[in-house]
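Given the structure is predicted, the values throughout are model-derived calculations rather than measurements. Note that these values count all heavy atoms, side chains included, but never hydrogens, waters or copies made by symmetry.
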Amino acid sequence: SMKRASEYEKEPQKKASNLANLCENQFAAGKYQDAITSANACLTIQPQNAPISFIKAMSLYKLKKIDEAVTILQNLTKQPALEQDARAQY
């Protein structure tokens, strides 16, 4: 049914939002590996989520995985949806 289809659509977005919040909290607590895990789960649902990609990159950087972090940041600057001023942040 249409109702079931709309509920199905909403649920992943809610899940992604919860994962994003979890990722931010884990990063703030210095739990960088956990933040990466949460970021990956969120990005599976919302691949264009720039703030979460940024947190993932910063977590990788903190874990001395510099090359991986740089690759994510380079990809972020190529996102057409990213505004110019936001791009400057990265």
[X] side, atom [atom1]; [Y] side, atom [atom2] - distance, nearest 0.5 Å:
X     : Y     : atom1 : atom2 : answer
Leu22 : Lys31 : CG    : NZ    : 9.0 Å
Asn49 : Ile55 : CG    : CD1   : 8.5 Å
Lys64 : Ile66 : NZ    : CD1   : 6.5 Å

Is it true that Leu73 and Val70 fall in one hydrophobic cluster, defined by side-chain heavy atoms closer than 4.5 Å?
no
Establish whether Tyr32 and Leu76 are linked, either directly or via other cluster members, by ILVMFWY side-chain heavy-atom contacts under 4.5 Å.
yes
Under 3.5 Å, is there a donor-acceptor pair between the side chain of Ser38 and the main chain of Ala35?
no
Flag the pair [X] / [Y] as yes when at least one side-chain heavy-atom distance between them is below 4.5 Å, and no otherwise.
X     : Y     : answer
Ile36 : Lys65 : no
Glu68 : Lys56 : no
Phe54 : Ile72 : no
Ile45 : Gln13 : yes

Can Leu43 and Ser53 be said to form a side chain to side chain contact (heavy atoms under 4.5 Å, CB included), step by step?
CA-CA 8 Å; Leu43 292 167; Ser53 292; 3.5 Å; yes
Any side-chain donor-acceptor pair under 3.5 Å between Gln26 and Gln33?
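Absent: no donor and acceptor within the cut-off.
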Heavy atoms only: give me the nearest Phe27-Ser59 pair and the separation to one decimal.
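Smallest heavy-atom distance, with atoms named: CD1-OG, 3.2 Å.
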